[in-house]
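These notes concern the structure reproduced below.
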Number of protein chains: 2
Amino acid sequence: MSASSDRRGRATIEDVAAAAAVSVATVSRSLRGLPNVAKSTRDRVTDAATSLNYRPHPSASRLASGQTRIIEIAVPVLNSWYFSEVLAGAEAVLSECGYSLSISAVASPEEREKFIRDAVAADGADGLIMVDLPLDELEASVLAESRMRVVTAGVESGRFESVVVDNVEIGRKAVRHLFERGHRRIGILSGQSDDPLHFTVPGDRVVGYAEQLTSFGIEVDPALSCVGNFSVDGGKESMLTLLRLEDRPTAVFAISDEMAFGAMAAVRENQLSVPHDVAIIGVDGHDLSEVMGLTTIDQHVEDHGVMAARRLVEILEGAAESPLHLEIETTLVVRSST
Amino acid sequence: MSASSDRRGRATIEDVAAAAAVSVATVSRSLRGLPNVAKSTRDRVTDAATSLNYRPHPSASRLASGQTRIIEIAVPVLNSWYFSEVLAGAEAVLSECGYSLSISAVASPEEREKFIRDAVAADGADGLIMVDLPLDELEASVLAESRMRVVTAGVESGRFESVVVDNVEIGRKAVRHLFERGHRRIGILSGQSDDPLHFTVPGDRVVGYAEQLTSFGIEVDPALSCVGNFSVDGGKESMLTLLRLEDRPTAVFAISDEMAFGAMAAVRENQLSVPHDVAIIGVDGHDLSEVMGLTTIDQHVEDHGVMAARRLVEILEGAAESPLHLEIETTLVVRSST
DNA sequence: CTACTTCATGTAAGCGCTTGCATATCCCGG
DNA sequence: CCGGGATATGCAAGCGCTTACATGAAGTAG
């Protein structure tokens, strides 16, 4: 109505100031809850802001304050059960705390390196959550020197806080469970363990598997170890390979539930039954594991996101930062597949 | 080293200008590829920028230019197969085109309304993709009056471009397929169809189901219709209900693959077999449908995200905007469940 | 050789906020 | 009745860019 709404739609802090008959400084202070504002003034400002449907312009306040209230989150891929759980957990706490979440898919180590350089140089976020993206020395120091606070999830980084699970223990747990069920010939479907800087999770689980077997006095048979690619298909292919063995395993540890699903399908396709002919245990606590009757080691994935986000917010709001590694407990959920 | 790197880490446009011995205006023009810059100058500037590892400060250039190169994407939930596929598709094209992706989970109509008001008032993005979030009249006009360009996915909005599938046709297709397989008593597992402003997809699929049955001269039996909640568990529960019927269906149309998975589990739990006792068809083209042997109507979900993002970018780069509804074809994939 | 174009570059005014500092007001004890 | 410390508010200088406009340097035609 009045002359204030000239600039198509958006009300600025000046409009509010005019409406409340105060200076823009007072509006800024009032709206952000800073001290030394008279109650009556603050009310007047709040009313004016409300009636104008005013929101501070994000870019302007970011530029002026140097804080963006944006959190970047980088994941290897988006369309995967695991990462969308993490994302969901992180989003819930971040939006609750008034942060925006900006996501990027960072598939390869090259992309990762570029992502980090760009992110740091552009300086567009207050914080960064790296999910299952191991950092090399250079990347870590580039990040450490930036204004951004960093929390990693899924992998430890040494220089930043992280939320992790004990993947070695997961491997042990799985073997222990199968051993208790009477299995002695235990196979494993793992992920690609080639590049330690690409993805360390599979390696650790394999280590735990081998460790526990050894401590049970069982020799680790390389023939029983198959490398899939963390996918349903990968699990299926690998399982088919194992089934073709003369002396095939009586139980199989799939290092992810999705691989386990593939494995179950492979077993059934061979007219064999789970768990009678082959017992299968997975890792994740995937939505579908219950309905599939899959025994799994639940790693409470959504909590990874929740914890990482929570910790990052704490750090940003001033909590002491210590390169501590928050460990999420895993729980064995026994179902009909073992 | 030199006096330029005073401001902890970040190089500003002034540093670049100084290094290249030109004005900041020239740096800006050079780096953004604007015309009227001598080749030699542009090279000098580019070199300086590279060696300083300079990136324009996002907030500053956003404030000055009025463009953010941020796209908001709102989905009902993040941890769902469907939405993470959409997200993955959108992210791929947006990052390719140099946009950042900011995500929000918007669960209820109330949150949706708040989300829209905030987004418009804050004016923090150039564009917005609303996935499976129907807009009421007021919301649509609030959005229409904003600076943001909007594309919807999953639902048509009338006022904005959208990418959709023909959900009625999906219902028909499913019934047609089951009919051709000889089934006459066909049940349906649908989602909650109560609130048309909450989610319209289930309703349309039910309509197609009913339509096709009718046109085959089969009366629609309300007893064969069960409302789940788009989840595996929902599908399982609903299926159990149907199985308890005296005259149970010989085939069931689950309006999502995840519900179909639940249904398959329910059937097996009753010592019955799929497809012998009950045939099941789903919708989605879920990653696991192949391994589960589920017949499904693939709706190429990732493409929804790709198309929505692509169209939004086109609009932002100046393409004519027409409230057209880009329709993604669906394809029946027959497997062992029918 | 001059007048008029073009093209290249610089100048400076914002963009809408935040925030350090200055100013004004009020209340209290002496 | 006055000085001084709180408390409340305003002033104005940025934050790091973009961009309209002014200026300068060449080139071109008459």
[X] has a side chain; which of [options] sits nearest to it?
{"X": "B:A38", "options": "D:dC15, C:dA8, C:dT19", "result": "C:dA8"}
{"X": "B:V22", "options": "D:dA12, D:dG16, C:dG10", "result": "C:dG10"}
{"X": "B:A60", "options": "D:dG14, D:dG16, D:dT19", "result": "D:dG16"}
{"X": "B:L63", "options": "D:dT19, C:dC15, C:dT18", "result": "C:dC15"}
{"X": "A:P56", "options": "C:dG20, D:dC17, C:dC17", "result": "C:dC17"}
{"X": "A:I13", "options": "C:dA8, C:dT18, D:dA20", "result": "C:dT18"}
{"X": "B:H57", "options": "C:dC7, D:dG16, D:dC21", "result": "D:dG16"}

- request: Determine the contact category for A:T41: base if any of its heavy atoms lies under 4.0 Å from a base atom, sugar-phosphate if only primed atoms, P, OP1 or OP2 are that close, otherwise nothing.
  value: sugar-phosphate
message: Regarding B:R62, tell me which of base, sugar-phosphate or nothing describes its non-hydrogen contacts under 4.0 Å with the strands shown.
response: nothing
message: Can you work out whether A:V37 or A:S65 has the more 5'-proximal nearest nucleotide on DNA chain D?
response: A:V37
- request: Take A:R42 and B:R32, find for each the nucleotide of DNA chain D with the closest heavy atom, and name the residue whose nucleotide sits nearer the 5' end.
  value: A:R42
- prompt: Is A:L133 close to A:V155 at the side-chain level, that is, under 4.5 Å between some pair of heavy atoms?
  reply: no
query: Are the side chains of A:R117 and B:R55 in touch, meaning some heavy atoms are under 4.5 Å apart?
result: yes
Just how far, in rounded Å, is [atom2] of [N] from [atom1] of [X]?
{"X": "B:Q67", "N": "C:dC15", "atom1": "CD", "atom2": "P", "answer": "16 Å"}
{"X": "A:N36", "N": "C:dT25", "atom1": "CG", "atom2": "C1'", "answer": "13 Å"}
{"X": "A:L34", "N": "D:dT9", "atom1": "CG", "atom2": "P", "answer": "13 Å"}

task: Would you check if there is a donor-acceptor pair between the side chains of A:E14 and A:T12 at a distance under 3.5 Å?
output: no
field: Residues A:S108 and A:E110: side-chain donor-acceptor under 3.5 angstrom
entry: yes
field: B:E317, CD atom: more than 12 neighbouring heavy atoms under 6.0 Å
entry: yes
query: So which one's nearest nucleotide on DNA chain C is more toward 5', A:S61 or B:R29?
result: B:R29
